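In what follows, a single structure is set out as structure tokens and then discussed.
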Amino acid sequence: TIFYYPKHGGIGTIGNRLAEAVRDRTTLNARIRRIDLRRQTVHLSDGQVWRYDRLVSSIPLPEFLSLAGHHSAQTPLLVSTGVTVFNMGLRTTVPHDFHWCYVPNLSIPFYRFGIYSNISKRAAPAGHSALYIECAGPPARLNQISFADIRSHLLRLKWIGNAKEIDVVHRLDLRYAYPVPLRGLY
């Protein structure tokens with residue numbers, strides 16, 4: 001399998017380039033207060049009302065249904081797995097040449113480990129590395145995932161040499177990462 005990655009600007013470049021074609025019809029970073037599906041309007045928190053012919057939404061379905069005023073008995077059945085991503089910068093290069101790997105071991109708190117700087121050398125300064133670690137779990141328990149636990153596993157597995165190599169860590173909790181399919185709803 002071949003995975004193409006932009007030479008400049010990171011993976012976000014793809015979305016930015018796609019958005020250029022619809023920039024005049026796109027609003028970003030606006031807080032939606034309500035969606036009226038019958039009147040085809042979106043009401044923003046600043047009082048603006050947008051009319052639409054077609055609405056493309058990236059809002060997680062339970063949140064979208066709530067904004068649209070649909071509170072059915074089936075809404076609680078829309079379950080997802082949450083993911084915590086730890087993005088790390090190291091003061092050294094990583095001695096592994098893979099882009100990412102899955103970790104199929106329930107005793108390890110993460111399921112995927114990846115090296116951004118192996119995907120693109122521009123992801124980190126020379127002599128440094130950029131990594132990510134992904135941990136999955138119920139959205140309500142993402143706050144229980146500890147970086148200290150992640151770090152100890154990375155050291156034990158010898159995926160990093162020592163804790164002093166870690167320059168920066170950025171944590172990102174994604175409440176809606178992967179939907180959980182349920183039988184009987186489709």
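Note that the coordinates shown come from a computational prediction; the quantities given were computed from them, not determined experimentally. Values below: every heavy atom of this structure, side chains too, minus hydrogens, waters and symmetry copies.
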pair [X]-[Y]: side-chain heavy atoms closer than 4.5 Å:
| X | Y | value |
| --- | --- | --- |
| Phe110 | Leu154 | yes |
| Arg112 | Tyr102 | yes |
| Phe64 | Leu37 | yes |
| Leu174 | Val85 | yes |
| Leu55 | Ile35 | yes |
| Val42 | Val49 | no |

Contacts of Asp149 meeting salt bridge (charged side-chain N to carboxylate O under 4.0 Å, His left out) (sequence neighbours excluded), chain-then-number -> none
Sorted by chain and number, sequence neighbours left out, salt bridge (charged side-chain N to carboxylate O under 4.0 Å, His left out) with Glu165 holds for none
Does [X] use its side chain to pair, donor to acceptor, with the backbone of [Y] at less than 3.5 Å?
| X | Y | answer |
| --- | --- | --- |
| Ser129 | Thr92 | yes |
| Asn118 | Phe98 | yes |
| His153 | Arg151 | no |
| Thr84 | Cys135 | no |

Treat each ILVMFWY residue as a node, draw an edge where side-chain heavy atoms are under 4.5 Å apart, and state whether [X] and [Y] are in one component.
| X | Y | value |
| --- | --- | --- |
| Leu90 | Tyr132 | no |
| Ile160 | Ile145 | yes |
| Ile119 | Ile14 | yes |
| Ile133 | Trp100 | no |
| Leu172 | Val169 | no |

Closest heavy-atom contact between [X] and [Y]?
| X | Y | value |
| --- | --- | --- |
| Asn105 | Ser107 | OD1-OG, 2.6 Å |
| Ser117 | Ala130 | OG-N, 3.1 Å |
| Ala136 | Thr81 | CB-CG2, 3.8 Å |
| Pro181 | Pro179 | CD-O, 3.5 Å |

Inspect the surroundings of CZ in Arg51 and state if more than 12 heavy atoms from other residues, nucleotides or ligands are less than 6.0 Å away.
no
| said: How about CG on Leu106, more than 12 heavy atoms from neighbouring residues, nucleotides or ligands closer than 6.0 Å, or not? | reply: no
The complete set of salt bridge (Lys or Arg N to Asp or Glu O under 4.0 Å) pairs with one or both residues in residues 78-106, sequence neighbours excluded, reads Arg91-Asp167
Taking atom [atom1] of [X] and atom [atom2] of [Y], what is their separation to the nearest 0.5 Å?
| X | Y | atom1 | atom2 | answer |
| --- | --- | --- | --- | --- |
| Ile108 | Leu157 | CD1 | CG | 4.5 Å |
| Leu44 | Ile32 | CG | CD1 | 6.5 Å |
| Thr41 | Trp50 | OG1 | CH2 | 13.0 Å |
| Ser45 | Arg34 | OG | CZ | 13.0 Å |
| Ser146 | Arg171 | OG | CZ | 8.0 Å |
| Gln40 | Asp53 | CD | CG | 6.5 Å |

From the list Val94, Val103, Ile115, side-chain contact (heavy atoms from CB on, under 4.5 Å) with Trp159 holds only for Val103
* **Parallel, tilted or perpendicular: rings of His96 and Phe113 (30°, 60°)** => perpendicular
**Asked** Which of parallel (below 30°), tilted (30 to 60°) and perpendicular (above 60°) describes Phe86 and Phe147?
**Response** tilted
